[in-house]
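The next block holds one structure in the form of structure tokens; read it before the comments.
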Amino acid sequence: MKSELTRLIAEALRRLTGSLLTAPVDASWISIERTKERSHGDYSCNIALRLAKVSGQRPRELAAAIVAALPPNPWVAAVEVAGAGFINFKLVERAYHEIVRRIHAEGERYGESESGRGVRVILEFVSANPTGPLHVGHGRQAAYGATLGNLLRATGHELQREYYINDAGRQVHILAVSTWVRYLQRCGESLPFPANGYQGDYLGTVAATLLEQRGTTLRRTASQVLTGLPADAPDGDKEQYIDALIARARALLGRDFEQVLEFSLQAMLADIRSDLEDFGVLFDRWYSERELIASGAVEHALATLEARGCLYRKDGALWFRATQFGDDEDRVLVRSNGQHTYFAPDIAYHLQKRERGFDQLINVLGADHHGYVARLRGALIAMGQPGECLEACLIQFVSLYRGGQKVPMGKREGQFVTLRQLREEVGNDACRLFYLMRSHEQHLDFDLELAKSRSNENPVYYIQYAHARVASVVKQLAARALHYDAELGLASLAYLDSDQEQAAMRELSRFPEVVAQAAAARAPHALVHYLRELANGFHTWYNAATILVEEPPLRNARLVLALAFQQVLRNGLALLGVSAPESM
RNA sequence: GCGCCCGUAGCUCAGUUGGAUAGAGCAUCAGGCUUCGAACCUGAGGGUCGGGAGUUCGAAUCUCUCCGGGCGCGCCA
């Protein structure tokens, strides 16, 4: 409809060119918007206001001239000039009946569009280090990424969803040694847990399983482990200590060290995967950093940078000239000890994403990673890629509140709340919706009591209830020995002439635009707000009108509208990953 | 110190190429079920859009500045 009206305006402007307008007007200047207020008609155009300046006309006079020059159109019932010079369109009723028919015909596909056709997108999200369970912050990224993926698919993008597994590097060695210390403690050895180890209780469980499977074959005495090691924090340096401990573990365990590592890693990954799967968060591929490294991708990336003269050696390390590409300082890629930093494989991974043919690289990241974006983009540019192809969606932090009190979440002390705990406490539906309710750019206060409450204070039920209410009406049909005649209903849409019904059809027609806009703006929360308004429209109408009336045409017309509501609610909830119950 | 994000009703927040009288939910107050589910609906009160200046027909939105909060600035990941 918008494009239809844009065409009308463009045609009118063409007719005025040479008389009122000296130069042709670019079509991109024409914007058609939905009116906020019913009295302003259905759509509005501000072109006269925008052109007033360049053409030297008074806005209202120009608007009147444009209106006079508009070609006739069967969908437009009335056009008028209002306010400072807005051109308002009122559509014929049939235009809205058409929407109801479309929803009926398209069913679960209603809302989809082609705005992203031909665009290949790789969406990387969560990608949490496999060194512990996911926490509530990851949960927000998971919900956001999953829904953004749904929105991108719904708008025709060619999408790949990936989880990048950081299964190489120092942190997995720390994971292995942390598990081993827990294991030794379980064996009865008395030794302290390293300050820089992974503190959470979960490793105790992993160690217990390890003990079951391997018996005491991995046991070494505390003095074997500790003798000659530097002091741990707070007296010494926790980094030096953990590195020495890792070296000692390797020396004492030999090849078994790798097995402890692998065992711990797989345990963590299994936990993360099942957690996400239970949350309805799916990936097309789990991409292993180790496999990436083994494939030679890092050498390839370094060679690409080298060939472009973007590397240099200093203090025995290999540096990337990041400052030449928008970063604050140059970055080390290969340390003086020969080990590469985490940054090197990351560059390789993103170069490879481009080489796999993706146009857009969307990364969903925690807000604390924002400093990292410029660096990565710089590297892509340095390797000859367009910097705009990388897009970072930074997800702000989550605070949990219980009864007005902030729940302490210290990751260091291992007392953070896990995603699993949160899901078990409030349920997946409330969890997904609460995560997505607010703009991702906004710090989120997650109220546990509110999310759990089965009351009118909880927005989750408001939307689901509207869906269930329609199902309930349909069930009533049988109880009253009536049946639903879709054909009759669709032929009787003119009976839907109340204010609520007119407003309902207007609201329903917005859905594809909302989906497209939410996808384009990477803003799933816009969909939540729309669904709330849609549910409000339904509840208002439901309270004002009786659906199951005597006259068959009116009854079936209202049933068609009710089912259209239900369809759009269901489609929207599906995009959010929230269930649409028939009863609750 | 430098950089990024945020500041809108008592509380939690929408408001994205600058548009018409700044909107929701919760909370508060007043109403509505012998009728398809009251987990609902109707109405009311509540605002210097953090302060100030600028840009223009028009600013919550853009620019500058100040104030206040969050986060990031490693040969850690």
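Quick note: numbers below take in every heavy atom, side chains included, and nothing from hydrogens, waters or symmetry partners. Below, chains carry the letters A, B, ... as their sequence lines are ordered, and counting in each starts from 1.
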Nearest-Å distance, [atom1] ([X]) to [atom2] ([N])?
{"X": "A/Arg335", "N": "B/C75", "atom1": "CZ", "atom2": "P", "value": "10 Å"}
{"X": "A/Arg469", "N": "B/C33", "atom1": "CZ", "atom2": "C1'", "value": "11 Å"}
{"X": "A/His370", "N": "B/G72", "atom1": "NE2", "atom2": "P", "value": "7 Å"}
{"X": "A/Tyr465", "N": "B/A39", "atom1": "OH", "atom2": "P", "value": "5 Å"}
{"X": "A/Arg532", "N": "B/C41", "atom1": "CZ", "atom2": "C1'", "value": "12 Å"}
{"X": "A/Glu449", "N": "B/C26", "atom1": "CD", "atom2": "C1'", "value": "15 Å"}
{"X": "A/Gln240", "N": "B/G74", "atom1": "CD", "atom2": "P", "value": "19 Å"}
{"X": "A/Asn129", "N": "B/C76", "atom1": "CG", "atom2": "P", "value": "15 Å"}

Just checking [X]: base, sugar-phosphate only, or nothing, at a heavy-atom cut-off of under 4.0 Å?
{"X": "A/Phe397", "value": "sugar-phosphate"}
{"X": "A/Glu329", "value": "sugar-phosphate"}
{"X": "A/Thr540", "value": "sugar-phosphate"}
{"X": "A/Ala545", "value": "base"}
{"X": "A/Asp315", "value": "base"}
{"X": "A/Arg331", "value": "nothing"}
{"X": "A/Arg58", "value": "nothing"}

Next on the checklist: If you take any heavy atom closer than 4.0 Å to RNA chain B, which residues from residues 373-381 of chain A end up in contact?
Outcome noted: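 Contacts with RNA chain B under 4.0 Å: A/Arg375.
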Next on the checklist: According to side-chain contact (heavy atoms from CB on, under 4.5 Å), who are the partners of A/Glu61, at least two apart in sequence or on a separate chain?
Outcome noted: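 If we apply the side-chain contact (heavy atoms from CB on, under 4.5 Å) test to A/Glu61, skipping adjacent residues, the hits are A/Arg58.
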[N] versus [M] - spacing of their [atom1] atoms, nearest Å:
{"N": "B/C13", "M": "B/G70", "atom1": "P", "answer": "15 Å"}
{"N": "B/U61", "M": "B/G51", "atom1": "P", "answer": "10 Å"}
{"N": "B/G18", "M": "B/C49", "atom1": "C1'", "answer": "15 Å"}
{"N": "B/C29", "M": "B/G69", "atom1": "P", "answer": "35 Å"}
{"N": "B/C66", "M": "B/C26", "atom1": "P", "answer": "41 Å"}
{"N": "B/A14", "M": "B/G47", "atom1": "C1'", "answer": "15 Å"}
{"N": "B/G25", "M": "B/G15", "atom1": "C1'", "answer": "15 Å"}
{"N": "B/U12", "M": "B/G7", "atom1": "P", "answer": "13 Å"}

Next on the checklist: Is the terminal nitrogen or CZ of A/Arg532 (NZ for Lys, CZ for Arg) located under 6.0 angstrom from the six-membered ring centre of A/Tyr462 and within 45° of that ring's axis?
Outcome noted: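 Judged by the rule, A/Arg532 and A/Tyr462 form a cation-pi pair.
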Next on the checklist: Between A/Ala468 and A/Asn536, which residue's closest nucleotide on RNA chain B lies nearer the 5′ terminus?
Outcome noted: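 The residue mapped nearer the 5' terminus is A/Ala468.
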Next on the checklist: Nearest heavy atom decides the nucleotide; on that basis, is A/Asn166 or A/Ser39 closer to the 5' end of RNA chain B?
Outcome noted: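 That would be A/Ser39.
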Who pairs with [N] - Watson-Crick or G-U, where each distance is under 3.5 Å:
{"N": "B/U28", "value": "B/A44"}
{"N": "B/C64", "value": "B/G52"}
{"N": "B/A22", "value": "none"}
{"N": "B/C71", "value": "B/G3"}
{"N": "B/A59", "value": "none"}
{"N": "B/C33", "value": "none"}

Using a 4.5 Å cut-off on heavy atoms from C-beta on, say whether the side chain of [Y] contacts that of [X].
{"X": "A/Phe325", "Y": "A/Arg377", "answer": "no"}
{"X": "A/Ile66", "Y": "A/Ile47", "answer": "yes"}
{"X": "A/Ser31", "Y": "A/Asn46", "answer": "yes"}
{"X": "A/Ile547", "Y": "A/Gln476", "answer": "no"}
{"X": "A/Tyr349", "Y": "A/Tyr164", "answer": "yes"}

Can you list the residues that meet the ring pair (Phe, Tyr, Trp, His ring centres under 6.0 Å) rule with [X], with sequence neighbours excluded?
{"X": "A/Tyr342", "value": "A/Tyr372"}
{"X": "A/Tyr542", "value": "A/Phe538"}
{"X": "A/Phe343", "value": "none"}

Checklist entry - Counting only side-chain N and O atoms of A/Tyr461, is one of them less than 4.0 Å from OP1 or OP2 of B/A39? => result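 For A/Tyr461, the contact criterion (side-chain N or O under 4.0 Å from OP1 or OP2 of B/A39) is not met.
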Checklist entry - Counting only side-chain N and O atoms of A/Tyr462, is one of them less than 4.0 Å from OP1 or OP2 of B/C41? => result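 For B/C41, OP1/OP2 do have a side-chain N/O of A/Tyr462 under 4.0 Å.
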Next on the checklist: Return a single string for nucleotides 11-20 of chain B, one symbol per nucleotide in 5' to 3' order, where B is base contact, S is sugar-phosphate-only contact and - is none, cutoff 4.0 angstrom on heavy atoms.
Outcome noted: -BSSSBB-BB
Next on the checklist: Side chain of A/Met584 only, heavy atoms from C-beta on: which candidate in B/G37, B/A77, B/C40 is closest?
Outcome noted: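 The answer is B/G37.
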Item to check | Out of B/C41, B/C76, B/C36, whichever nucleotide has its closest atom nearest the side chain of A/Leu548 | outcome: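 Ranking B/C41, B/C76, B/C36 by closest atom to the A/Leu548 side chain puts B/C36 first.
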Quiz: residues 518-530 of chain A side-chain donor-acceptor pairs under 3.5 angstrom, not counting sequence neighbours:
unit_1	atom_1	unit_2	atom_2	d
A/Arg522	NE	A/Glu391	OE1	3.4
A/Arg522	NE	A/Glu391	OE2	2.7
A/Arg522	NH1	A/Ala519	O	3.0
A/Arg522	NH2	A/Gln360	OE1	3.1
A/Arg522	NH2	A/Glu391	OE1	2.9
A/His529	NE2	A/Met437	O	3.3
A/Tyr530	OH	A/Glu507	O	2.8

Next on the checklist: Run the side chain to side chain donor-acceptor pair (under 3.5 Å) test against A/His369 and tell me which residues pass, sequence neighbours left out.
Outcome noted: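 Side chain to side chain donor-acceptor pair (under 3.5 Å) list for A/His369, sorted by chain: empty.
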Next on the checklist: I need the full list of side-chain hydrogen bond (donor to acceptor under 3.5 Å, both in side chains) pairs touching residues 439-448 of chain A, with sequence neighbours left out, sorted by first then second residue.
Outcome noted: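 Sorted result for residues 439-448 of chain A: A/Ser399-A/His443.
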